[in-house]
Amino acid sequence: MTTAPWRDPALPAAARVDDLLSRMTLEEKTAQLYGVWVGAETDGDGVAPHQHDMTADHSADDWDELITRGLGQLTRSFGTAPVDPALGARALARAQRRIAAAGRFGIPAVAHEECLAGFTAWRATAYPVPLAWGAAFDPPLVEEMARRIGQDLRSVGVHQGLAPVLDVVRDPRWGRVEETIGEDPYLVGTVGAAYVRGLESAGIVATLKHFAGYASSVGARNLAPVRAGTREFADVTLPPFEMALRDGGARSVMAAYTERDGVPASADPELLTRLLREEWGFTGTVVADYFGIGFLQTLHRVAGTPAQAAHLALEAGIDVELPTVKYYGDTLIAAVRAGEVAEDLIDRAARRVLIQKCELGLLDEDWRPETPETVDLDSAANRAVARRLAEESVVLLDNPDGLLPLAPDTRIAVVGPRAADALAMLGCYSFPSHVLTHHPATGLGIEIPTVLESLRTELPDAKVTFAEGCPVSDPDTTGVEEAVARAAEADVCVAVLGDRAGLFGRGTSGEGCDVADLRLPGVQGELLDALVATGVPVVLVLLTGRPYALGRWHGRLGAVVQAFFPGEEGGPAVAGVLSGRVNPSGRLPVSVPQVTGGQPWTYLQPPLGLAGEVSNLDPTPLYPFGHGRSYTTFAWEDVDRPETGLTTDSSYDLSLTVRNTGDRAGAEVVQLYLHDPVAGVTRPDVRLIGYQRLELPAGGSARVTFHFHTDLSAFTDRGGRRVVEPGDLELRLGTSSADVRHTARLSLTGPVRVLGPDRRMHCETRVTGQA
């Protein structure tokens with residue numbers, strides 16, 4: 001028996017796919033370009049925008065006929081409804097066998113799932129949200145988490161994960177801030193690349209989203225037009241994607257819903273083909289965000305018919321329609337037959353899809369779907385990683401009089417709508433928040449201790465009372481009186497306030513849950529005022545998906561603890577910080593504002609974006625990017641700032657020793673910022689270009705060396721080129737963007753240097769002498 005070349009694993013993937021394409025009909029090639037969402041809800045209350053509109057005329061009734069052509073993707077077999085993981089794995093395997101048996105070539109589909117903060121499946125570990133990853137400043141730990149997520153996905157037959165989100169926060173009122181890693185592109189890029197490496201190391205295709213500019217929408221409104229200028233787009237929006245492709249090895253990119261300067265991302269060949277593929281050299285697949293191709297017709301109105309929408313998207317560079325077939329199916333086939341769409345565009349996209357399937361082993365003759373007997377998606381090892389990341393991500397914003405840690409035998413009044421709710425720990429894309437709200441009779445499937453439960457466990461000798469005080473968002477103050485009474489009876493009040501994650505207005509944080517200003521949701525601010533008025537010291541604990549303005553209470557609180565949806569182990573992590581078992585080490589990935597308005601604002605401001613005499617409004621944050629306190633102290637010593645001549649193409653090593661001068665172990669995050677005094681275009685006053693997290697025992701020390709290359713000072717000039725200019729620079733070592741400990745002044749000589757896509761984007765660090 002002679003094996004067809006496309007089945008021969010000894011041949012290069014490209015040669016195999018070229019042979020396969022030559023044998024396929026137009027219908028069979030096109031079938032590789034879409035997914036099917038058999039389990040999609042059509043009741044209008046779904047998990048994607050306009051889901052009802054886009055799925056109302058599609059059902060699984062024609063499934064048997066459809067799969068005779070083959071199938072590109074299977075959408076969210078686990079993430080649509082609660083299904084036992086082992087049963088789900090067997091059902092997915094059966095579906096794959098049916099798909100393979102129905103088509104002429106026996107090719108299965110790529111199964112994809114959401115995995116933003118863990119595999120979005122019932123009984124799977126719910127990890128901290130990406131904003132918490134940013135707060136940890138610990139890429140290796142994020143990589144380990146992602147590796148575990150990828151292994152869980154693979155164990156049940158999934159091939160592709162729709163994560164990470166690499167949008168840089170530009171306005172904290174945006175509902176999806178919780179899904180981002182922070183407001184700085186270097187932090188987002190380095191942590192995001194680590195997540196990609198972890199996911200890809202497990203054999204899962206990582207999908208970068210949302211490409212590009214989604215977080216820069218006007219007024220922080222979901223899907224609103226993007227007003228980012230050329231240089232902001234090039235220097236803030238794009239670098240994290242480039243880092244995740246180059247340093248992480250991501251094999252897929254998801255086009256954003258939004259438009260920039262009148263051109264939707266899903267119809268932008270400049271973005272999806274020229275930049276992504278021709279300049280950056282990307283060879284993987286580009287997938288549509290859910291229903292994004294249809295939105296070209298229904299929301300953007302740049303296409304008058306479904307065929308025109310399909311043509312625009314395919315020509316721009318979108319290879320796969322997700323989540324289900326509507327535009328890339330018979331509509332597209334008819335347009336090709338009519339001569340309205342070139343078949344070469346079908347071949348181009350199908351080739352990319354099939355090469356990826358080949359790399360995944362899905363074209364091999366011996367391919368068989370995985371059918372595990374038992375599945376544990378929330379193992380002890382998973383929970384240990386979730387606990388460690390939760391603990392590292394908790395930020396101690398303030399502790400002016402040392403109220404924390406709490407005394408072990410004190411009287412504690414725990415108050416607030418987030419104290420006794422397990423869902424307070426979870427973000428919008430966790431399975432319980434994302435899906436289980438549609439299945440109220442189904443249990444969470446995982447253990448999620450609350451802050452109240454965890455604090456009682458953490459401090460068994462303390463007398464702990466509880467009152468909810470008020471709801472998360474409803475204007476109901478009937479519970480405030482009881483909360484005040486409980487606080488007045490205690491030695492200390494722990495006020496646990498914050499967000500409820502949800503979708504499209506059903507929460508205070510999450511996709512489609514944008515806010516007008518940054519005041520605490522509902523009447524939580526009034527509750528906090530009443531608690532402070534008792535005179536009892538108040539520890540504010542925030543469980544949120546975004547920063548909120550806290551200037552109203554500055555100087556009136558005993559301590560402030562910030563946790564960004566810390567996951568299923570978040571309750572013990574927060575309680576551990578309150579008790580002192582955990583020494584807080586998180587640092588802010590986003591600034592915490594003084595006042596509720598004055599947005600949008602992030603720390604990446606040129607001079608006129610900072611406080612000054614030209615305006616009466618002071619945008620200076622209450623707590624700056626990178627800020628975070630500890631229960632121990634650190635000395636920064638022996639800074640080595642060599643005096644040497646530098647050119648626009650050279651490097652410089654900056655070293656210092658960090659010593660733990662306290663009486664307990666702790667972690668310090670050394671941050672390196674760049675200040676460019678004079679440039680050809682206005683530049684941020686400071687921007688992060690390097691960092692290193694150090695775990696040090698009491699009395700211990702370590703020496704850190706930052707290897708700065710002048711490429712890291714590059715920016716986009718007036719002509720759109722990325723350049724390194726001669727002139728003066730300052731390297732600033734700080735504990736935050738506003739707290740500078742040491743400065744090194746450099747002077748670059750030589751010509752203006754134009755950089756290409758091979759530029760250095762990462763500041764290498766070296767840690768020595770750790771003791």
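Everything numeric in this text was worked out from a predicted model, so none of it was measured.
Residues passing the ring pair (Phe, Tyr, Trp, His ring centres under 6.0 Å) test with F137 are Y691, sequence neighbours excluded.
Comment: E242 engages R759 in a salt bridge, judged by a side-chain N to carboxylate O separation of less than 4.0 angstrom. Between R760 and D247, none of the side-chain N atoms (NZ, or NE/NH1/NH2) sits under 4.0 Å from a carboxylate O, so this pair counts as no salt bridge. Note on R693 versus E392: salt bridge recorded, some NZ/NE/NH1/NH2 to OD/OE distance being below 4.0 Å. Salt bridge absent: R123 and D378 never bring a charged side-chain N and a carboxylate O closer than 4.0 Å. Between D330 and R69 a salt bridge is recorded (basic side-chain N to carboxylate O distance below 4.0 Å).
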Item to check | L74/I99 under side-chain contact (heavy atoms from CB on, under 4.5 Å): CA gap, chis, key distance, verdict | outcome: CA-CA 10 Å; L74 277 171; I99 294 167; 3.8 Å; yes
**Asked** Should R98 and D64 be marked as a salt bridge (Lys or Arg N to Asp or Glu O under 4.0 Å) after you check the CA-CA gap, both sets of side-chain angles, and the distance that decides it?
**Response** CA-CA 9 Å; R98 287 180 62 191; D64 290 334; 2.4 Å; yes
Decide yes or no on side-chain hydrogen bond (donor to acceptor under 3.5 Å, both in side chains) for S379 and D376, but give the supporting numbers first. CA-CA 6 Å; S379 65; D376 183 3; 5.2 Å; no
* Please assess Y290 against R76 for the test side-chain contact (heavy atoms from CB on, under 4.5 Å), listing each intermediate value before the final yes or no. => CA-CA 12 Å; Y290 282 16; R76 299 189 67 179; 3.2 Å; yes
Run the numbers on E315 and R348 for salt bridge (Lys or Arg N to Asp or Glu O under 4.0 Å), then give the verdict. CA-CA 10 Å; E315 191 171 48; R348 182 180 73 171; over 6 Å; no
Practice item. Start with the C-alpha distance between H439 and V435, add both sets of side-chain angles, then the distance that settles side-chain contact (heavy atoms from CB on, under 4.5 Å), and finish with yes or no. Key: CA-CA 7 Å; H439 304 271; V435 179; 4.0 Å; yes
Apply salt bridge (Lys or Arg N to Asp or Glu O under 4.0 Å) to the pair D319 and R277, showing each step before the final yes or no. CA-CA 13 Å; D319 304 310; R277 295 194 182 276; 3.0 Å; yes
(Q) Run the side-chain contact (heavy atoms from CB on, under 4.5 Å) test on R388 and D138 for me, step by step, so that the C-alpha distance in whole Å, both residues' side-chain angles and the decisive distance to 0.1 Å come before the verdict. (A) CA-CA 11 Å; R388 184 179 164 202; D138 192 347; 3.9 Å; yes
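Side-chain polar atoms of Q160 and Q73 form a donor-acceptor pair below 3.5 angstrom. In this model, a donor atom of one side chain and an acceptor atom of the other lie less than 3.5 Å apart for Y214 and R176. Defined by atom type and a distance below 3.5 Å, a donor-acceptor pair is missing between the side-chain atoms of E568 and Y127. For the residue pair S155/D152, the side-chain donor-acceptor check at 3.5 Å is not satisfied.
Between F241 and W280, the distance from one ring center to the other does not fall under 6.0 angstrom.
Shown here for L199 and A163, the closest heavy-atom pair between the two residues is CD2-O, 4.2 Å. Here the closest non-hydrogen pair linking V188 and P240 is CG1-CB, 3.7 Å. Residue A307 comes nearest to E340 through the heavy atom pair CB-OE1, 4.4 Å, listed as atom of the first residue, atom of the second, then distance. A303 approaches A309 most closely through the heavy-atom pair CB-N, 3.4 Å. In this structure, A212 and L271 approach most closely via the heavy-atom pair N-CD2, 3.9 Å. The minimum heavy-atom distance linking L71 with G35 is given by the pair CD1-C, 4.4 Å.
Interatomic distance, NE2 of H707 versus CD of E764, reported as 7.5 Å (0.5 Å rounding). Rounded to the nearest 0.5 Å, atoms CG (L332) and NE2 (H311) are 9.0 Å apart. To the nearest 0.5 angstrom, T80 atom OG1 is 10.0 Å from H438 atom NE2. Distance CG/L272 to CZ/F211: 6.5 Å, rounded to 0.5 Å. The distance from the SG atom of C763 to the CG atom of L712 is 5.5 Å, given to the nearest 0.5 Å. Rounding to the nearest 0.5 Å places CG of L92 at 4.5 Å from OG of S77.
In this structure, L131 and I181 have side chains that are not in contact, with every pair of non-hydrogen atoms separated by 4.5 Å or more. Looking at R766 and Q692, their side chains never come closer than 4.5 Å, going by heavy atoms from C-beta outward. Residues Y195 and E143 have side chains not in contact (no heavy-atom distance under 4.5 Å, counting atoms from C-beta outward). Two residues are said to be in side-chain contact when any heavy atoms from C-beta on lie closer than 4.5 Å; V205 and H159 fail this criterion. By the 4.5 Å heavy-atom criterion applied to side chains, V156 and F119 are counted as neighbours. In this structure, I333 and Y328 have side chains that are not in contact, with every pair of non-hydrogen atoms separated by 4.5 Å or more. I355 is not listed as a side-chain neighbour of T285, based on a closest heavy-atom distance of 4.5 Å or more. Here the side chains of R154 and I204 are in contact, with some heavy-atom distance below 4.5 Å.
Remark: side-chain polar atoms of T207 are not paired, donor with acceptor, to backbone N or O of V253 under 3.5 angstrom. Looking at W122, its side chain never comes within 3.5 Å of a backbone N or O of P85 through a donor-acceptor pair. For the pair T298 (side chain) and G294 (backbone), a donor-acceptor distance under 3.5 Å is present. At least one donor-acceptor pair closer than 3.5 Å links the side chain of S201 to the backbone N or O of G198. With hydrogens and angles ignored, the 3.5 Å screen pairs no side-chain donor or acceptor of H434 with any backbone N or O of A121. In this structure, the side chain of T120 engages the main chain of Y429 through a donor-acceptor pair within 3.5 Å. In this structure a side-chain-to-backbone donor-acceptor pair under 3.5 Å is missing from K326 to I293. The main-chain N or O of E270 is never found under 3.5 Å from a side-chain atom of T273 such that the two would form a donor-acceptor pair. Distance alone, capped at 3.5 Å, places no donor-acceptor pair between the T442 side chain and the L436 backbone. Between the side chain of S22 and the backbone N or O of D19 there is at least one donor-acceptor pair closer than 3.5 Å.
Evaluation of the salt bridge (Lys or Arg N to Asp or Glu O under 4.0 Å) test over residues 198-214, restricted to residues two or more places apart or in two chains, returns E114-K209, E200-R251. Among residues at least two apart or in separate chains, salt bridge (Lys or Arg N to Asp or Glu O under 4.0 Å) pairs with a member in residues 8-17 are R16-D364.
Cation-pi check for R23 over F105 is not met; the charged atom does not lie both under 6.0 angstrom from the ring centroid and within 45 degrees of its normal.
F295 and F291 have tilted rings, their planes meeting at an angle from 30° to 60° on a 0 to 90° scale. Note: H762 and Y186 have parallel aromatic rings, judged against thresholds of 30 and 60 degrees for the angle between ring planes.
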